Number of protein chains: 2
Amino acid sequence: MADNYNVLELNIGLGNNNNSKVGGHAGQSPRQRCPAPFLLKTYELLEELSENEKDSTKIVSWNAEGTGFVVWSPAEFSELTLPRYFKHNNFSSFIRQLNTYGFKKISSKKWEFKHEKFQRGCRHILGEITRKKCEPSVFPAYLKSSSEENNATSSMEENNDHHQLLMEENKNLKKERLELQMQIDECKTLEMKLLECLSQFMDSHQNKVRRLC
Amino acid sequence: MADNYNVLELNIGLGNNNNSKVGGHAGQSPRQRCPAPFLLKTYELLEELSENEKDSTKIVSWNAEGTGFVVWSPAEFSELTLPRYFKHNNFSSFIRQLNTYGFKKISSKKWEFKHEKFQRGCRHILGEITRKKCEPSVFPAYLKSSSEENNATSSMEENNDHHQLLMEENKNLKKERLELQMQIDECKTLEMKLLECLSQFMDSHQNKVRRLC
DNA sequence: GGGAATATTCCC
DNA sequence: GGGAATATTCCC
């Protein structure tokens with residue numbers, strides 16, 4: 001039943017997130033600690049799936065040099081791989097985590113990601129990778145950034161940024177709409193076929209019965 | 001595959017957590033908003049399981065007065081019920097959420113919980129239940145939009161107009177998206193029924209033919 | 001890419 | 001029971 005996402009608990013187990021109380025400021029010398037579950041799971045996943053199959057059926061793997069990894073098939077990765085290691089099947093949530101831990105997407109064409117401390121055969125330095133989120137305590141981001149400038153310009157720029165984002169979202173929404181409409185069309189076509197099938201079936205059935213009588 | 005936790009997305013769907021931007025101080029008059037997913041799911045779960053079976057096999061139900069609920073069998077609840085509604089099967093995580101939303105355990109002998117605003121038949125006031133966590137950071141959202149300044153003006157207004165339009169279009173697109181998604185869901189349901197119908201028809205047809213021979 | 005809300009886990 | 005870290009979602 002709930003086996004789905006227990007797999008990893010066993011594999012990684014012992015998941016003592018000691019990270020919390022290690023106390024102290026940022027900029028410490030790289031201290032060994034237990035890596036975040038996300039990193040461990042992603043690493044495990046690569047170890048387990050990287051050598052799988054021939055290249056043509058590969059879903060995800062280390063890159064050739066072992067300095068990063070590539071998701072070759074985001075669709076299969078999301079549907080098949082993610083739920084085996086995480087509590088979801090959303091590619092974007094996975095990406096969100098990668099960003100949180102400072103991974104960089106290094107190609108606009110492939111889903112290839114790198115992090116200096118995330119490399120094949122180097123499980124022992126995963127503990128040095130930390131979440132970005134710094135100083136949650138301090139003032140909100142918008143106050144931080146605007147502090148240095150005499151604005152007038154800055155709020156203008158912000159506006160432009162917001163504008164930019166809105167336009168982008170808009171574009172995406174329209175694309176999404178198109179996709180949804182296509183899905184609906186497909187559905188309708190299928191429905192039609194099913195209905196046809198059903199009616200043909202009924203006809204032929206009647207004929208058979210008639211003949212048999 | 002990952003169906004496990006998709007069940008509810010459909011049921012509750014539309015999961016617009018609008019809670020965020022309603023802005024403002026605490027102690028407002030009870031404002032209607034979309035209830036937190038956790039509350040909705042817990043409510044649904046009770047609606048769906050409360051009347052199940054005879055008392056002896058009941059896992060969870062509203063209490064007699066409908067003013068709270070009882071988990072009769074934490075073990076079964078954890079193993080069977082939780083994963084159908086949430087992304088986990090840990091009783092303690094469920095309890096943690098109850099505490100976060102201010103529920104009280106009202107008996108040391110039974111797992112019975114109450115919240116003033118969580119009662120049988122009162123789905124409409126779930127939106128008044130809020131997380132405890134107050135004032136995580138001092139400055140509320142409305143400070144962000146310190147918009148009405150004496151800034152450079154003329155092209156600014158044009159900009160604002162465009163902005164306004166964009167936002168509106170955006171809102172509409174989202175509404176449209178929702179409608180399209182609902183259409184798709186309907187389509188899928190119909191497809192399912194058609195397929196079922198077809199398969200039943202084939203079965204019964206085979207039987208008839210068999211009898212006639 | 002990332003801010004921020006909610007969910008889940010871990011720990012006291 | 002609740003603080004706090006991490007995970008997941010939602011949104012820009």
Side-chain angles (χ1 to χ4, degrees), chain A residues 5 8-9 12 14-23 33-42 82-83 85-105 113 129-134 136-137 140-145 158 161-173, chain B residues 5 8-9 14-23 33-42 82-83 85-105 113 129-134 136-137 139-141 144 166-167 170-171 174:
Chain A
Y5 37 76
L8 246 274
E9 254 67 73
I12 291 190
L14 331 177
N16 260 321
N17 292 5
N18 55 4
N19 291 10
S20 24
K21 309 292 158 46
V22 198
R33 18 184 191 179
C34 173
F38 170 76
L39 299 169
L40 227 30
K41 290 180 184 180
T42 304
L82 285 180
Y85 293 83
F86 304 98
K87 287 177 187 295
H88 66 85
N89 57 2
N90 305 309
F91 195 55
S92 55
S93 291
F94 180 71
I95 302 297
R96 185 74 197 81
Q97 284 281 71
L98 289 177
N99 286 326
T100 296
Y101 284 97
F103 284 72
K104 294 294 175 204
K105 185 161 183 288
F113 298 91
I129 303 179
T130 56
R131 305 189 117 220
K132 275 175 165 178
K133 270 295 187 30
C134 44
S137 47
Y142 62 92
L143 281 184
K144 272 188 204 160
S145 58
E158 266 175 49
D161 284 349
H162 190 199
H163 212 78
Q164 215 54 38
L165 287 172
L166 262 180
M167 299 220 294
E168 172 138 2
E169 196 188 0
N170 226 282
K171 203 184 69 192
N172 288 335
L173 280 167
Chain B
Y5 38 75
L8 248 273
E9 253 67 72
L14 332 178
N16 260 321
N17 293 3
N18 56 5
N19 291 11
S20 22
K21 310 291 159 43
V22 197
R33 18 182 192 180
C34 173
F38 171 75
L39 299 168
L40 226 31
K41 290 180 184 180
T42 304
L82 284 180
Y85 293 84
F86 304 98
K87 287 178 187 296
H88 66 85
N89 57 2
N90 304 310
F91 196 55
S92 55
S93 290
F94 180 71
I95 303 297
R96 186 73 197 82
Q97 284 282 70
L98 289 177
N99 286 325
T100 297
Y101 284 97
F103 283 73
K104 293 296 175 202
K105 184 161 184 287
F113 298 90
I129 303 178
T130 57
R131 305 190 117 217
K132 278 176 164 178
K133 272 289 189 32
C134 45
S137 81
F139 296 97
K144 271 189 197 171
L166 260 180
M167 298 221 294
N170 232 286
K171 204 183 70 191
K174 282 178 186 169

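Quick note on labels: first sequence line is chain A, next is B, and so on, each numbered from 1. Since this is a predicted model, take the numbers as computed values, not measurements.
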Less than 4.5 Å apart, any side-chain heavy atom of B:L40 and any of B:Y85? no
When the distance from CD1 of A:I129 to C1' of D:dA7 is rounded to whole Å, what number comes out? 17 Å
Roughly how many Å is it from OH in B:Y85 to C1' in C:dA7, rounded to a whole number? 18 Å
Take the protein atom CZ of A:F86 and the nucleotide atom P of D:dT9, then report the distance between them rounded to whole Å. 12 Å
CG-CG distance between A:L98 and A:L39, expressed to the nearest 0.5 angstrom: 9.0 Å
So, is B:N90 near the phosphate of C:dT8, with a side-chain N or O under 4.0 Å from OP1 or OP2? no
Roughly how many Å is it from CG in B:L40 to P in C:dA5, rounded to a whole number? 20 Å
When you get a sec, tell me which of D:dT8, D:dG1, C:dT9 is the closest nucleotide to the side chain of A:S93? D:dT8
Of the nucleotides C:dA7, D:dT9, C:dT8, which has the atom closest to the B:P37 side chain? C:dA7
Any A:K132 side-chain N or O less than 4.0 Å from OP1/OP2 of C:dG2: yes
Rounded to the Å, how far apart are B:R131 CZ and C:dA4 P? 16 Å
Tell me the closest heavy-atom pair linking A:F94 and A:H88, and the distance in Å. N-CE1, 3.9 Å
Which nucleotide, D:dA7, C:dA7, D:dT8, lies nearest any side-chain atom of A:Y101? D:dA7
Can you give me the bend angle of the helix from C:dG1-D:dC12 to C:dC12-D:dG1? Use the axis through the first five pairs and the one through the last five, nearest 10 degrees. 0°
Residues two or more places apart in sequence or in another chain: which of them pass ring pair (Phe, Tyr, Trp, His ring centres under 6.0 Å) with B:F113? B:F69
Here the distance between atom P of C:dT9 and atom CZ of B:F94, to the nearest Å, is 13 Å
Applying ring pair (Phe, Tyr, Trp, His ring centres under 6.0 Å) to A:Y101 and not counting sequence neighbours gives A:F38
Side-chain N or O of A:K87 closer than 4.0 Å to phosphate OP1/OP2 of D:dT9: no
Could you go through A:R96 and A:S92, starting from their C-alpha distance and side-chain angles, then the distance that decides it, and tell me whether this counts as side-chain hydrogen bond (donor to acceptor under 3.5 Å, both in side chains)? CA-CA 6 Å; A:R96 185 74 197 81; A:S92 55; over 6 Å; no
From the list C:dT8, C:dT9, D:dT8, which nucleotide is the closest neighbour of the side chain of A:H88? D:dT8
Between D:dG3 (P) and B:I95 (CD1): distance, integer Å: 17 Å
Can you find a donor-acceptor N/O pair under 3.5 angstrom joining the side chain of B:R96 to the base of D:dG1? no
Can you tell me how far C1' of C:dT9 sits from CG of B:N89, to the nearest Å? 12 Å
What closest approach, in Å, do A:K132 and A:G102 show between heavy atoms, and which atom pair accounts for it? CE-CA, 3.9 Å
Taking only the side-chain heavy atoms of B:Q97 (C-beta and beyond), determine which of D:dG2, C:dT8, D:dA7 contains the nearest atom. C:dT8
